[in-house]
Structures are given as C-alpha cells and as structure tokens.
Amino acid sequence: MKIDRLIGIVAILLQQDTVTAPELAERFEVSRRTINRDIECLCRAGIPMYTRQGVNGGISIMDNYKIDRTLLTSRDMQEILAGLRSLDSVSGSRHYGQLMEKLCPGSSSFVRGRDSVLIDLSSWYRDSLACKIERIQSAIEEKNYITFMYYAPKGESCRTIEPYFLVFRWSNWYVWGWCTERKDFRLFKLNRMDQVSAAEHSFEERNVPMPDMSDEKVFSGGISVKALFTAEAKWRLVEEFGPHCFEVQEDGGLLFCREFTNKEYLISWILAFGDQVELLEPETMREELRHIASNMIEIYGEDV
C-alpha cells in the first residue's frame, strides 16, 4: 500500500544520509517514476526532502529535521518487529514482516541480535478470520458499510454496521461499529460473523467513542461463585487464575471463590471440569446444572 511505502521511505532516509531513487524503486518493487511521485507527496506533507544530482547524489532529508536514531534502541526495534510479526500471524501473510525488512537496510547494525520475543495471535480459526479482518479493515479505510449474518445466544440476524475499529481482546477479534438496526455502537465478535461483505456506498464518519472493553461493560451482571475442586484440577486453576485463587482444605480439596460476569461462560466452564468440581454457590446456578445433568442422563442413559 502507498502509505506503507511512504513510511518506509521516511524510515530509510532517517537511517541513511542519502539514497538514490533506483535503490528505493528496487527495494519497494515499484518504478522510479512512482518513487519520484512519493517524494513529491512527502514534500507536500511538510517533510523537507531534497535531491542532489551527479556522483554521490541522491535523495536526503534535511539534517535539522532528522530524529536522533538513539531514541529507538536495538531492543525497541526488536519489540516493534515482534509486534508486526504478530499481525502477520493473524493475516496469514508476510505483509508486515516484509515492510520491516524494507524499513531496515541490510547493512544496518541498528537491528541486531536474535529475536527473543515471539508472538503468535493466530487461532484455530485463522483461515476464516484472515479474510474477515482484511475485508473489515478495507471497509474501515474506505468508510464503507459492511453487512453480515450474526449468530448470538438469542438467535441469528442480518446486521449492517459502520465499522470503525478492529479490536483484539480476550484472545478473540471484534469489530466496533455503529449498528443501523440498534441505532447505537455495538461490539461484534468475528467468529460469530458469517457472509461478511462491504457495501458499495459509504457513510459519513461519526464522532466515535472509544470502545469500553472492560469486563463489567461487556459482560454485565456480577455472579459470586463458590466451588469445591478436587486436587486434580489444581493445574487448570493455576493456569487461568494464578496459584492464590483457592484455599486448600483439610481433605485436599480446593475452595475457589471468585466473581464472574457471564452466566453462559460460567456454566460451560464448570461443566468442562466434569466430576472434578462441585458448585456450591449460587443456588440458582446449582439448579441449572442439575437440569443440564438430568437432560444428559436422558441422552446417555441407555448406554449406562
């Protein structure tokens, strides 16, 4: 994309005193004429570029404009690289990695050493998520509506929204936008979206509030939970909530007390432990679990 190339040109010129147009054209795999247009665009944006003809000539940025590269250490650049590679793990491409390769000349010792931070944001759904993320991102840039089928606990429905932000939270991807049906901003989980498409007509951008991603806002309704786990479940509790989330009882059991905000998640979480847990409180949830267990006995009863 053009904006990536412009950023790349500026980054290279901040690290090297002079670069020729043919060198930039080869690095970014475009024509020399395209590079010349990019330089004109950067000048119009207020970045003081100048060119010198002849031997040792080329394109430069005025010295008094340059940023001291020591503001970014080698470690800083390694962390930036790790973050960009994590985006590639979602998209399934090497777009961001290739961008960083273009930003960092091969002869530069600015980025050195072996990577010590590896981030992979991909999931089991990467193949289906990548195309959704790409379509939504393009729609955000072009300010186009998107339509999709959305599957929620109360049923599925066709939605049309003005997309504003792609959000990664709770190990999942969401889109934040104005829902034309609800007449309000809503958060939609990408894994629940199907048949995502961008409309040809665009929308006028609103005054967009930042999404409130707090647990209390998204998962309404506090639920005080008390449960007794067997010792075999200790590793799972430590993995999810840390080693101080329970009290060891005299018989070796683990008394677990915590606030939950989502009933559906809580029920599925408790059921995932099978016979390694007994929910003690709240009583209403115990009743729901009894009902679920009764239905399961009816389903599997003939095999018992």
Side-chain angles (χ1 to χ4, degrees), residues 79 82-83 85-87 89-90 115-126 128-129 151-154 165-176 186-193 210-301 303-304:
E79 291 175 353
R85 291 194 190 99
S86 73
L87 294 176
S89 71
V90 175
D115 293 338
S116 58
V117 179
L118 302 176
I119 305 172
D120 190 341
L121 301 180
S122 62
S123 69
W124 294 108
Y125 310 99
R126 185 175 70 175
S128 61
L129 278 175
Y151 295 85
K154 295 182 179 179
F165 293 107
L166 274 168
V167 182
F168 185 77
R169 182 70 190 272
W170 306 295
S171 300
N172 285 289
W173 282 95
Y174 301 81
V175 58
W176 171 256
R186 289 288 190 273
L187 196 65
F188 297 92
K189 192 173 185 177
L190 265 62
N191 278 345
R192 295 182 183 176
M193 298 167 60
M210 294 297 291
D212 184 351
M213 303 298 291
S214 63
D215 292 350
E216 294 77 12
K217 178 65 176 180
V218 178
F219 305 116
S220 59
I223 305 172
S224 297
V225 170
K226 181 182 290 186
L228 188 62
F229 289 84
T230 64
E232 289 76 14
K234 180 185 292 186
W235 68 272
R236 290 184 58 183
L237 293 176
V238 171
E239 179 180 319
E240 294 190 49
F241 300 102
H244 307 295
C245 68
F246 52 79
E247 295 180 7
V248 180
Q249 306 299 290
E250 292 184 0
D251 61 357
L254 311 173
L255 182 62
F256 174 87
C257 299
R258 194 174 183 88
E259 292 285 328
F260 281 75
T261 58
N262 185 279
K263 185 179 72 171
E264 287 75 19
Y265 170 77
L266 172 58
I267 289 176
S268 63
W269 184 72
I270 289 291
L271 289 173
F273 284 88
D275 61 356
Q276 294 180 347
V277 61
E278 178 187 356
L279 181 67
L280 304 177
E281 296 178 6
E283 180 59 37
T284 56
M285 299 289 290
R286 282 176 61 90
E287 185 59 35
E288 288 194 45
L289 287 172
R290 290 191 195 99
H291 181 69
I292 293 172
S294 177
N295 290 339
M296 292 177 67
I297 290 174
E298 289 186 12
I299 294 173
Y300 298 104
D303 298 332
V304 176

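Every heavy atom of this structure was used, including side-chain atoms; hydrogens, water molecules and symmetry mates were not. Predicted model only: the values in this text are computed from it and were never measured.
Between Ala231 and Gly252 the shortest heavy-atom distance is CB-O, 3.9 Å. For the pair Ser224 and Pro282, the tightest heavy-atom approach, listed with the atom from each and the gap, is O-CD, 3.4 Å. When all heavy atoms of Leu228 and Gly253 are compared, the closest pair comes out as CD1-C, 4.3 Å. Looking at every heavy atom in both residues, Ala272 comes nearest to Arg236 through O-NH1, 3.3 Å.
Pairs passing the salt bridge (charged side-chain N to carboxylate O under 4.0 Å, His left out) check and including a residue from residues 284-295, sequence neighbours excluded, read Lys263-Glu288, Glu278-Arg286, Glu283-Arg286, Glu283-Arg290, Glu287-Arg290. Among residue pairs with one or both ends in residues 249-262, none qualify as salt bridge (charged side-chain N to carboxylate O under 4.0 Å, His left out); sequence neighbours excluded.
Note that CD1 of Ile292 is 5.0 Å distant from CD1 of Ile267, once rounded to the nearest 0.5 Å. Here the CE-CG distance, from Met285 to Leu266, works out to 4.0 Å after rounding to the nearest 0.5 Å.
A heavy-atom distance below 4.5 Å is not found between the side chains of Thr230 and Val277. Side-chain contact check for Asn172 versus Leu190: every heavy-atom pair is 4.5 Å or farther apart. Between Val175 and Met193 the shortest side-chain heavy-atom distance falls below 4.5 Å. Residues Tyr151 and Asn191 are not in side-chain contact: their nearest non-hydrogen atoms beyond the backbone lie 4.5 Å or more apart.
With sequence neighbours excluded, no residue forms a side chain to side chain donor-acceptor pair (under 3.5 Å) with Asp275. Scored by the side chain to side chain donor-acceptor pair (under 3.5 Å) test, His291 finds Asn295 as partners (sequence neighbours excluded). Among residues two or more places apart in sequence or in another chain, the side chain to side chain donor-acceptor pair (under 3.5 Å) test is passed with Glu240 by Trp269. Gln249 pairs by the side chain to side chain donor-acceptor pair (under 3.5 Å) definition with nothing, not counting sequence neighbours.
Ring geometry, Phe241 versus Phe256: the interplanar angle falls from 30° to 60°, so the pair is classed tilted.
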Given Phe273 and Phe229, is the ring-ring contact (aromatic ring centres under 6.0 Å, His included) satisfied, shown in steps? CA-CA 9 Å; Phe273 284 88; Phe229 289 84; 4.9 Å; yes
